[in-house]
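Inspection log for the structure reproduced underneath, given as structure tokens.
The figures that follow rest on heavy atoms only: side chains count, while hydrogens, waters and symmetry mates do not.
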Amino acid sequence: MKYAFCGKSGLQLPKISLGLWHNFGYVDDFDEARNMILHAFEQGITHIDIANNYGPPPGSAESNFGKILKENLASHRDEMIISSKAGYLMWDGPYGDGSSRKYLIASINQSLKRTGLEYFDIFYSHRYNASTPIEETMQALVDIVRQGKALYVGLSNYPADKARITMDYLNARDVPSIIYQGKYSMLNRKPEEEILSVCKEYGSGFIAFSPLAQGVLTDKYLNGIPKDSRASDPTGYLRPEQITDELVEKVRKLNEIAQQRGQTMAEMAVAWTLRDERVTSVIVGARNVKQLQNNLNSLNNLSFTQEELLLIDNILDGATL
């Protein structure tokens, strides 16, 4: 495994981290979830990324992870970076959503209980919420660190202008945001417009999620929509109408470049996301150990020629998902 320092901090993260957004809830195969987490750790993936509402049902990914940690990895706690977040809907009523101090403090207390942890290594404000003053949200993060419930704090899904305000606030209180988590892939290059520059300016790391655009940047959809894919899941975030013929044709051309590089489409997509030195790590998800290992194989070839990058840009031609 390759590691990189998280911005200007002394914390190192693996270039590939494991996210528990999908496939780790109560509705999923617990034994497969255990196998993926253990395989990840054995391969040097020391960073596990969760959120309070991951499941389904919400909270179950944290509970399952806590059980696996207790039964299989308890003696390795100090070798792991475990992160969680709060910001989206977690429970009914006015206090189970948003960015208020009430919600954040209650949420981290619940998350610590579900996972069985004494502290999180990183705790994120999961999103910007205009209905709550930034100062209230950030002071809650500061206090969470000072109370020993988290070692570091981070931001996720914040607009660049709001991220600047939050980073200024946190820096002034000696609890800097050491990492920003955002969606970034060949099909979502918005971070290149501003937030990556903001992260570098403030000494924050950047960790990308959805580097495979929920499976679109693989060979999975080249011949239609498989029954076991995210696009076929009526409760998923990827909709069938998003898999257009034009998009599939672009992925088909990208896949040809990947084959020339000796990689799968998925391996190249992960490697491409890591090509920018401002990107500390990439969070990958997986259905099984085989998929996880395929993502790990991307580390075998992380370099791109300028010709390859130009070809990729020409194929994408502003494509988004």
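- G154 and S177 get closest at one heavy-atom pair: CA-OG, 3.6 Å.
- Judged purely by distance below 3.5 Å, without hydrogens or angles, the side chains of S17 and D49 never pair a donor atom with an acceptor atom.
- Atoms CG and CD1, on L155 and I179 in that order, are 10.5 Å from each other to the nearest 0.5 Å.
- Salt-bridge check for D29 with R287: failed, with every basic side-chain N at 4.0 Å or more from each acidic carboxylate O.
- Judged by the 6.0 Å distance and 45° axis criteria, R77 is positioned over the aromatic ring of Y119.
- Note: F209 and W21 have perpendicular aromatic rings, judged against thresholds of 30 and 60 degrees for the angle between ring planes.
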Passes side chain to side chain contact (heavy atoms under 4.5 Å, CB included), L38 versus L73? Steps please.
CA-CA 8 Å; L38 295 183; L73 294 168; 3.8 Å; yes
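- One distance of note links CG of N23 with CG of L292; it measures 11.0 Å at 0.5 Å rounding.
- Once rounded to the nearest 0.5 Å, the distance linking CZ of R252 with CG of D219 reads 10.5 Å.
- Stacking of K200 on the aromatic ring of F206 is not recorded, the 6.0 Å distance cut-off and the 45° axial limit not both being met.
- Other residues, nucleotides and ligands contribute over 12 non-hydrogen atoms within 6.0 Å of the OH atom of Y26.
- What you find for N52 and S111 is that their closest heavy atoms are CB-OG, 3.7 Å.
- Side-chain atoms of K149 and N109 form a donor-acceptor pair, as typed in the model, at a separation below 3.5 Å.
- Heavy-atom neighbours of E201 CD from other residues, nucleotides or ligands within 6.0 Å: above the threshold of 12.
- Smallest separation of non-hydrogen atoms from V289 and E32: N-OE2, 3.2 Å.
- Counting only heavy atoms from C-beta outward, the side chains of V145 and Y152 never approach each other to under 4.5 Å.
- To the nearest 0.5 Å, atoms CE (M138) and OG1 (T132) are separated by 10.0 Å.
- A cation-pi arrangement is absent between R34 and F65 under the rule of less than 6.0 angstrom and at most 45 degrees off the ring axis.
- When all heavy atoms of S185 and P211 are compared, the closest pair comes out as CB-O, 3.4 Å.
- In plain terms, the two heavy atoms of L13 and S281 that are nearest each other are CB-CB, 4.4 Å.
- For the pair D143 and R101, the salt-bridge criterion is met [side-chain N within less than 4.0 Å of a carboxylate O].
- The two atoms that bring R127 and G87 nearest to each other are NE-O, 2.8 Å, heavy atoms only.
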Pair K190, Y184 - check side chain to side chain donor-acceptor pair (under 3.5 Å), show working.
CA-CA 7 Å; K190 190 173 181 179; Y184 183 43; over 6 Å; no
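- Sparse packing is recorded around CG of D92, with 12 or fewer heavy atoms of other residues, nucleotides or ligands lying under 6.0 Å away.
- Under the 4.0 Å criterion applied to side-chain N and carboxylate O atoms, E192 and R189 are assigned as salt-bridge partners.
- Considering CG of N297 and CD of E267, their distance stands at 5.0 Å, rounded to 0.5 Å.
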Evaluate the criterion side chain to side chain donor-acceptor pair (under 3.5 Å) for residue pair S298 and Q263; output intermediate values, then yes/no.
CA-CA 7 Å; S298 63; Q263 292 181 307; over 6 Å; no
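- By the criterion of side-chain heavy atoms lying less than 4.5 angstrom apart, applied directly or through intervening Ile, Leu, Val, Met, Phe, Trp or Tyr residues, V251 is not grouped with L310; the two fall into different hydrophobic clusters.
- With hydrophobic clusters built from ILVMFWY side chains whose heavy atoms lie under 4.5 angstrom apart, L196 shares a cluster with L302.
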Given side chain to side chain contact (heavy atoms under 4.5 Å, CB included), test Q293 with H39 step by step and report yes or no.
CA-CA 8 Å; Q293 186 56 51; H39 182 75; 2.7 Å; yes
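- Atom CD of E71 sits in a crowded spot, with more than 12 heavy atoms from other residues, nucleotides or ligands closer than 6.0 Å.
- At most 12 heavy atoms of other shown residues, nucleotides or ligands fall within 6.0 angstrom of atom CD in E118.
- Between the CD1 atom of I207 and the OG atom of S156 there is a distance of 10.0 Å, given to the nearest 0.5 Å.
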